[in-house]
Amino acid sequence: METSVSMVTSLADVTLPNPVLTASGCAAAGRELAPFLDPAELGAVVTKSVMLLPRSGRATPRMAETPSGMLNSIGLQGPGIDAFLAHDLPWLAERGARAVVSIAGGSVGEFAELARRLAGAPGLAVLEVNISCPNVASRGQVFACDPVAAADVVRVVKAESDVPVFAKLSPDVTDIVGIARSCVDAGADGLSMINTLLGMAIDTDTLRPVLAGVTGGLSGPAIRPVAVRCVWQVHAALPTVPILGMGGILTGLDALQFLLAGASAVSVGTAVFHDPCAPVRILAELRAELAGRGFGRLSDVVGLAHRGLQR
Amino acid sequence: METSVSMVTSLADVTLPNPVLTASGCAAAGRELAPFLDPAELGAVVTKSVMLLPRSGRATPRMAETPSGMLNSIGLQGPGIDAFLAHDLPWLAERGARAVVSIAGGSVGEFAELARRLAGAPGLAVLEVNISCPNVASRGQVFACDPVAAADVVRVVKAESDVPVFAKLSPDVTDIVGIARSCVDAGADGLSMINTLLGMAIDTDTLRPVLAGVTGGLSGPAIRPVAVRCVWQVHAALPTVPILGMGGILTGLDALQFLLAGASAVSVGTAVFHDPCAPVRILAELRAELAGRGFGRLSDVVGLAHRGLQR
Amino acid sequence: MRAPSQVTARVVAIEPAGAYQLLTLAAPTVAAGSEPGQFVAVAVGGPVTSMLLRRSFALYTADPGTGLIQIVVAEHGPGTAWLVRVEPGASLDVVGPLGRPFRLPPEAGTAVLVAGGYGSAPMFDLARRLRAGGSAVHMVIGAGSAERLFGVDEAHAVADSVVVLTDDGSRGIQGLVTRPLPQLLGPAGASMVYACGPMAMLEAVGAAAASHDVPCQVAVEESMACGIGVCMTCVLPVIGADGRTRMLRSCVEGPVFDAERIRWKDVGTLPADVLGADAMVVH
Amino acid sequence: MRAPSQVTARVVAIEPAGAYQLLTLAAPTVAAGSEPGQFVAVAVGGPVTSMLLRRSFALYTADPGTGLIQIVVAEHGPGTAWLVRVEPGASLDVVGPLGRPFRLPPEAGTAVLVAGGYGSAPMFDLARRLRAGGSAVHMVIGAGSAERLFGVDEAHAVADSVVVLTDDGSRGIQGLVTRPLPQLLGPAGASMVYACGPMAMLEAVGAAAASHDVPCQVAVEESMACGIGVCMTCVLPVIGADGRTRMLRSCVEGPVFDAERIRWKDVGTLPADVLGADAMVVH
Ligand SMILES: Cc1cc2nc3c(=O)[nH]c(=O)nc-3n(C[C@H](O)[C@H](O)[C@H](O)COP(=O)(O)OP(=O)(O)OC[C@H]3O[C@@H](n4cnc5c(N)ncnc54)[C@H](O)[C@@H]3O)c2cc1C
Ligand SMILES: Cc1cc2nc3c(=O)[nH]c(=O)nc-3n(C[C@H](O)[C@H](O)[C@H](O)COP(=O)(O)OP(=O)(O)OC[C@H]3O[C@@H](n4cnc5c(N)ncnc54)[C@H](O)[C@@H]3O)c2cc1C
Ligand SMILES: Cc1cc2nc3c(=O)[nH]c(=O)nc-3n(C[C@H](O)[C@H](O)[C@H](O)COP(=O)(O)O)c2cc1C
Ligand SMILES: Cc1cc2nc3c(=O)[nH]c(=O)nc-3n(C[C@H](O)[C@H](O)[C@H](O)COP(=O)(O)O)c2cc1C
Ligand code: FES
Ligand code: FES
């Protein structure tokens, strides 16, 4: 019975065999997960946000555990786009894994350049534009906090890109629907939601912030209610825009909440740290839960919680 | 040794014997906690936001448990200001408990009227202006999402009030420092932070939102990193403005994080549901932790984590 | 009725009882002053749990002499899954006794006690008290299936008559607990009805009692965040003596209510005539 | 070195060992391919825990024959507090073996193994392997106080000589583990040093080894979120063969590093000459 559920989904015009993906920054470029799962079995691998140049990332400590969550302040450590194209993307392509490549830039021009370099790269299925990384030196640099800046980035990336472009949004805004609309108007084919919430912890022994970067991004099940709410609000306002939902997904039922709220696929992030097999486990659980509820196709549940709701 | 720590603190010009308060909506008007603690032993009792008229609150379900947190969608059920003044405030005053009275209005005029009615009421120590309740019909009605609307409310309340006025802020904004500044400029004597985050949960059996109100406010330890960050940011920007900190405080060490971040006192909310004795337990724990670190006065730690931090 | 307290209760025993686990806890202050229909709220999950909220359970027994209390736990979600796996000797954080108990009649009469599933838990002590006051007691115990019946043997010990029903007929008569009520409530029948179980059952029992003009008290089960009256999550629409409907907290103003006061059809909604519903429109 | 796997490991035994608890776990795939210096990452807190992150522990023993592994756990915060209270028969979710092990020398020589506190855990298997390869092994074991020493008796069984030190002199010589090093590393002394313990100790041991021109491998302990190389939390500045400093992940590129490659003074900072530090200015 369970095998009879069709798990096929799509992100804009890209068809995926199933809706469970990794989350950017929580699976590197897939290779380290290979002992635990076959990356080709996932809907796609979402790679760590790559920038133009190699980046050292921040000083340590870079993480703090918090109740049902964690803070991170990595600062986008990475090899830069050249090394990524030379070593990381080909590895995924060779294994038949679909890659959602996350890009991050310090300026609109840098985003454009990244998109240009990635155009036509084998294995690239979707571009995820990380305009919402909280680990930047100033809040003013978070593009996703401003509808105009967000739109500017999306527009230039879209112009350079031959695959669907998903804008990754921050929940730390007064009006996420406004930012979403602005990205879609600028050409975004879909939206990834949510990036981490800005948070911090203070070490009560040293009497100083735990993180070297002072503030960091809060992820994990703690933020799931905020993430589901964001997906819900945006799907309600923009029902035809595909959403890649994420934030605290630990089980198949958690994933189902996002689908019911309007996501077409989900990313599994922090859960991988808890359980390196999480994405495949969650996929199996989701399949079983759908079967148990009598659904034959994944697409039947996307946005279902909105239907028949009078308000 | 422990008894030698002076726990005295103040909220603007109101002196409190200690910095541990209840949180609005999590202690009713104090009476129900009497079997578990003596309200006069707390820094103050922060009462459930009261409105002008009696209010039924929303339909049920009004709550959902979430990882290390909960969602609520009460809808400000309450007896209205007349019954509050007749029955609730006197009960606290008779017991020698200090009351921080939280008020909520549907309009600027309603806030003004509430402040007027409360002026001179015995037992009233501080007015907390709840401009940030997420359980309203439209996001547009959350005053704390807009610096101008927030300032309008603060200004009229301040004009009617003979006690310090604290504006209670929402974390669901792009720029909490901007809102804070706007409230202070309009006359707020201090700031209460944070109210709940807007969140939601979907029931994977009914395939509908769990809460009758669809979205609700997320509270509890899950949100603590966001709350500490908000207190930190606002104290960094406005170091002389007193802050009543809250959000997920469960232990004395949690309270200490808020003090180190810049709060002069803390409210204990959801923890009371977990442990009705929480406020007095947290007070005792905080006292012991301060003593253990060699602090003689609570005021020595307020904002301490900012000092000597080079960035 | 005694003020509640928060205590660390040792698990004295845990034993299966059909589909349930029967927990015996040492909690003298809770045992001392409790009455049938009251409940306790138990913290679950241990020190680093992600589950903040207590779980509520009706008191099955409470012995001031030994200081022991008992609760009957059905495994439902993660909180009860944790609770049914505690080991004897472990400590539980318990708050109680909570809520208003069943009111005993001013004078002796004939009582019908109707229970569904673990809803029978508070009924045995109630039966004993009623009989001690000179009343006759008839019990109707139902459940989905045999293993979800609780306390049938004890019912025979504490009641003058017992009717057992299951939905699937796996024990007793097949059918719902309302089935024997016309007979029990009929002419020369009961002077009072007490019920505890699922909401739909309570509504049906209340309706049966009303149709025979017999007063009926029910113990409801609403989702509770605090259990002590401070959070306002556990409300339902209840008609007051003044005829006005209010959203009352089932943890402190209940869980026992007069069935006829509850607006059953409106539970989970906000009827426009509820006191203060008009104010909801504004904001 | 074998690829790590995620397994459900039964707790075979848990027993006190001074200030620590020694856990014996049945984890055949982990036991099968591990080498000294590797570690395991254990999920803590049970099914509804609020603690998401695994806790890392060096492998003390790993027996491919019996499929058993052992770890030595110091109670520190809530995660280890939970772990030291597991009961035999319980199941733990374990990922391992993780990280790069100590490298054995290409040819036999004389090794000095320096350990602080529970840092001795990986040293005994290492000593056995070194001796099996014909090397002489001298061990230096230190701790704050006697009860925080681990495995002194075993040290005597696996090493040619053993020096024991405590900070407070409660056992062995009073002083730090660096104290006997000049003698052990002196002329005609060791050809290699291995160390495991607190970072300050590793730095000091590395410095001592360097001053005697003896290569030194250390197993570091950085705060880790994932343990498998995907999160980038566990980095420290390490100088590569090309002379450039990179932020390397201690979980997959360590935890064993050449001491001389680590920029000890810069751990916890971002030196300007680290590869890619320039890019941090932009954003
Ligand atoms: C006054 C009262 C008396 C009760 N007596 C008993 C009893 O004697 N035996 C017994 O087995 N159960 C009893 N219950 C129900 C019991 O409290 C729930 O089954 C339990 O809380 C479910 O917790 P969970 O973690 O297993 O489920 P989850 O569904 O994971 O619980 C999540 C949250 O919802 C709440 N919740 C879920 N279901 C219910 C419910 N049916 N009623 C109230 N809250 C709920 C929980 O308290 C928790 O806060 C009683 C409930 C109330 C209110
Ligand atoms: C490679 C490696 C090997 C280790 N070997 C051992 C061992 O053999 N025996 C032993 O007792 N301990 C060992 N540790 C340290 C052990 O992992 C920590 O003491 C433990 O994680 C603390 O968890 P907690 O919940 O008790 O403390 P908390 O402080 O509450 O932990 C909070 C978070 O910080 C991390 N953390 C805290 N302290 C450390 C630390 N010292 N190192 C790494 N992460 C930390 C935890 O993993 C957790 O994610 C090792 C650590 C590493 C990295
Ligand atoms: C350690 C860590 C690193 C992350 N790095 C990135 C990143 O590089 N780019 C990005 O878009 N999101 C990054 N994220 C955010 C996640 O992709 C995800 O949006 C967020 O963590 C919420 O999902 P989760 O709760 O499942 O982790 C990172 C998250 C974590 C925990
Ligand atoms: C059930 C519930 C009701 C609340 N009602 C109010 C309210 O009426 N007014 C208000 O300002 N805040 C209200 N809050 C928010 C709390 O006062 C507090 O700001 C928030 O819950 C964060 O603190 P905590 O995590 O300690 O609960 C309520 C919170 C809860 C959980
Ligand atoms: S459960 Fe909180 S008021 Fe009833
Ligand atoms: S702990 Fe995640 S990369 Fe090392």
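Chain A is the first sequence line, chain B the second, and so forth, proteins listed ahead of strands; every chain is numbered from 1. None of the values given here were measured: they were computed from a predicted structure.
Between atom CD of residue D/Q6 and atom CZ of residue A/F36 there is a gap of 7.0 Å, rounded to the nearest 0.5 Å. The CG atom of A/L71 sits 12.5 Å away from atom OG1 of D/T233, with the distance rounded to the nearest 0.5 Å. The distance from atom CE of D/M232 to atom CG of A/N72, rounded to the nearest 0.5 Å, is 12.0 Å.
Partner of D/M247 under the side chain to side chain contact (heavy atoms under 4.5 Å, CB included) criterion, chosen from A/R55, A/R58, A/Q77: A/Q77. A/S56 pairs with exactly one of D/D278, D/T245, D/V274 by the side chain to side chain contact (heavy atoms under 4.5 Å, CB included) rule, that one being D/V274.
Chain A is approached within less than 4.5 Å, heavy atom to heavy atom, by D/E222, D/S223, D/M224, D/A225, D/C226, D/I228, D/G229 from residues 221-229 of chain D, ordered by number. For a heavy-atom cut-off of 4.5 Å, chain A lies close to no residue in residues 253-267 of chain D.
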| query | Going through the checks in order, is the side-chain contact (heavy atoms from CB on, under 4.5 Å) test met by D/L236 and A/T60? | reply | CA-CA 8 Å; D/L236 72 180; A/T60 54; over 6 Å; no
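Using a distance-only test at 3.5 Å, with no hydrogens or angles considered, no donor-acceptor pair links the side chain of A/R62 to the main chain of D/C234.
Under the rule for a side chain to side chain contact (heavy atoms under 4.5 Å, CB included), the partners of A/S219 that lie at least two apart in sequence or sit in another chain are A/M70, A/T196, A/T270. Scored by the side chain to side chain contact (heavy atoms under 4.5 Å, CB included) test, A/P221 finds A/S68, A/R224, A/L250, B/P67, D/L52 as partners (sequence neighbours excluded).
Contact of D/V95 with chain A is made through the side chain alone, with heavy-atom distances under 4.5 Å.
In terms of heavy-atom pairs under 4.5 angstrom with chain D, the leader among A/C277, A/P54, A/G220, A/P276 is A/P276. Among D/P4, D/G45, D/G77, D/P271, the residue making the largest number of heavy-atom pairs under 4.5 Å with chain A is D/P4. Interface summary for chain A: among D/T269, D/D93, D/T49, the most heavy-atom pairs under 4.5 angstrom belong to D/T269.
Using a 4.5 Å heavy-atom threshold, the side chains of A/E65 and D/M51 count as touching.
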